[in-house]
Amino acid sequence: MVSDELFLAKKDLTQKGFLDIDLDPTLDLFQEIERLKKEKNAVVLAHYYQEPDIQDVADYIGDSLGLAQQAEKTTADMIVFAGVHFMAETAKILNPSKKVVIPDLKAGCSLSDSCPPPLFKKFKEQHPDHVVVSYINCSAGIKALSDVIVTSSNAKIIVESFPKEQPIIFAPDKNLGAYINKVTGRNMLLWNGACMVHEIFSLEKITKLKIRHPNAKLIAHPECEDPILRIADFIGSTTGLLKYSQTDSSSEYIVATETGILHQMMKANPYKTFIPAPPNNSCACNDCPHMKRNTLEKIYLCMEYELPDIIMDEELRVAAKKPIDRMLDISKKAGL
Ligand code: 13P
Ligand code: SF4
């Protein structure tokens, strides 16, 4: 427990993302988080890329679509978002009367950062006949400039909901955009953004790994580059990959996405083998440095202090909500 004085002294720093209070090392964080959930009527929503301990304390673990759906419908007073900033921001956009806290305000996203709203606005103005379809991994500023939002689990059906002749700008992920162009036969204009985690998988190392594990299937997230997707046995969102690992009959998989997902895959399939796909650097696996900023300690602290929380300009929130609502509506009708 932390005193009120310390709380007040740290509040400003906390809002800037500098929460650095020393915790009693004997504190049982799992128990404390459960206590705070009850005391504060809080719900912990976690993305699959969070570290295993965080996934284990979460009330819901999911992909970006599932997390947005949960955030919209929760009756909890406080949403503790164990993910990155654009995800927590989306929760606040959808459910503004709730307090949305995030363990580390600096947990950003390279993909979201690759698309600054002022630049994108100019790009959009150069193509006035295009509709704008944006991947949820973007800021509220980009969402507000978009006609509809997509995630990796609904991008195909949402793009296909537009007539074939409708010109489309797809932002910010050029890899997901190229993949959707391929599977829908569209020719969307792509913003030149990419995810730092998914664009560094090594085709050469994966090919060698496949030779060493001839029965292993390669399963990949559509944020990966085309050469990886071309040799993949299955492509899907994190939830899609997890479900595939449960329904497919193989016993070995090479997984081309962030390593956090392996925790649920191993839990759901204790007799199967999951090998993280190797990146193009000296590391054996591929972690997202933004997702991995969150720790159990920071979850506990943000619940205790109710800080840092997401605060938004109301006009921006309302503008950003419209294309997300459209996405949720199409997804619901499609049974997603
Ligand atoms: P999904 O979990 O929606 O597939 O998204 C992956 C991702 O990169 C989130 O940052
Ligand atoms: Fe962003 Fe990529 Fe990290 Fe997802 S994995 S949060 S897209 S940098």
Side-chain angles (χ1 to χ4, degrees), residues 45-51 54-55 58 60-71 81-91 102-115 134-139 142-143 149-158 170-177 179-180 191-201 219-225 228-229 232 234-245 255-265 276-277 279-281 283 285-294 324 327-328 331 336:
L45 305 183
H47 188 266
Y48 290 121
Y49 295 165
Q50 294 297 284
E51 61 174 48
I54 296 179
Q55 294 189 35
Y60 176 85
I61 318 158
D63 66 359
S64 306
L65 176 63
L67 288 164
Q69 288 166 330
Q70 291 294 320
F81 214 109
V84 291
H85 189 271
F86 77 80
M87 296 178 168
E89 189 176 63
T90 301
I102 179 163
D104 190 321
L105 259 189
K106 283 191 192 162
C109 168
S110 65
L111 184 50
S112 176
D113 290 347
S114 68
C115 196
S134 296
Y135 189 32
I136 198 163
N137 298 34
C138 65
S139 62
I142 296 296
K143 289 186 173 83
I149 298 302
V150 300
T151 74
S152 46
S153 54
N154 58 22
K156 182 173 179 285
I157 56 155
I158 291 181
F170 187 89
D173 187 4
K174 62 177 178 192
N175 294 321
L176 175 64
Y179 170 68
I180 298 299
W191 181 261
N192 188 17
C195 158
M196 63 187 287
V197 176
H198 290 87
E199 72 175 348
I200 62 160
F201 286 114
I219 58 175
H221 193 280
E223 284 175 27
C224 293
E225 290 181 329
I228 306 293
L229 297 180
F234 179 77
I235 298 164
S237 77
T238 49
T239 297
L241 297 177
L242 177 60
K243 282 190 180 151
Y244 182 77
S245 77
V255 184
T257 191
E258 212 268 2
T259 52
I261 188 75
L262 266 70
H263 182 54
Q264 294 305 321
M265 286 179 174
N280 232 332
N281 55 28
C283 301
C285 58
N286 210 0
D287 279 353
C288 170
H290 306 290
M291 287 279 182
K292 296 303 199 273
R293 287 189 75 90
N294 296 333
I324 308 176
M327 168 188 82
L328 292 175
S331 303
L336 294 173

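Counting convention: from 1, in listed order, for ligands and their atoms alike. Atoms considered below: every heavy atom in the structure, side chains included; atoms not considered: hydrogens, waters and symmetry mates.
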Side-chain heavy-atom pair V197, E223 within 4.5 angstrom cut-off: no
Side-chain heavy-atom pair E258, D287 within 4.5 angstrom cut-off: yes
Per-atom contacts, ligand 1 versus S237 - under 4.0 Å to a heavy atom: 4 (O)
Close-contact set for ligand 1 against M87 heavy atoms, below 4.0 Å: 9 (C), 10 (O)
Heavy-atom nearest neighbour of atom 2 (O) of ligand 1 within options V84, T238, L176: T238
Spacing of CG belonging to N280 relative to CZ belonging to F201, to within rounding of 0.5 Å: 10.5 Å
Test log, rule side chain to side chain contact (heavy atoms under 4.5 Å, CB included), inputs M196 and H290: CA-CA 10 Å; M196 63 187 287; H290 306 290; 3.5 Å; yes
Polar contact flag for H221 and ligand 1 (N/O pairs, less than 3.5 Å): yes
Spatial distance of atom CD1 (I149) from atom OG (S64) [nearest 0.5 Å]: 11.5 Å
Protein residue, atom and distance nearest to atom 8 (O) of ligand 1, heavy-atom basis: E223 OE2, 3.0 Å
4.5 Å side-chain heavy-atom contact, T151 and N137: no
Whether H198 and H221 hold their rings parallel, tilted or perpendicular, with breakpoints at 30° and 60°: tilted
Enumerated ligand 1 atoms positioned under 4.0 Å from heavy atoms of H47: 1 (P), 2 (O), 5 (O), 6 (C), 9 (C)
Stepwise side chain to side chain contact (heavy atoms under 4.5 Å, CB included) check, Q264 with L241: CA-CA 11 Å; Q264 294 305 321; L241 297 177; over 6 Å; no
Nearest candidate to atom 10 (O) of ligand 1, where distance is taken over non-hydrogen atoms, out of T151, N137, L241: N137
Interatomic distance, Y179 atom OH to F170 atom CZ [nearest 0.5 angstrom]: 12.0 Å
Side chain to side chain donor-acceptor pair (under 3.5 Å) assessment of T239 paired with S237: CA-CA 5 Å; T239 297; S237 77; 4.6 Å; no
Ligand 1 versus Y48: contacting region, heavy-atom distance under 4.0 Å: neither
Sum of protein N, O or S atoms, each under 2.8 Å from atom 3 (Fe) of ligand 2: 1
Side chains of H85 and D104 in contact at under 4.5 Å (non-hydrogen atoms): no
Proximal atoms of ligand 1 relative to Y135 (non-hydrogen, under 4.0 Å): 5 (O)
Between N294 and Q50, a side-chain donor and acceptor under 3.5 Å: yes
Any H47 heavy atom less than 4.0 Å to ligand 2: no
Sub-4.0 Å heavy-atom approach of E258 to ligand 1: no
S152 heavy atom under 4.0 Å from ligand 1: yes
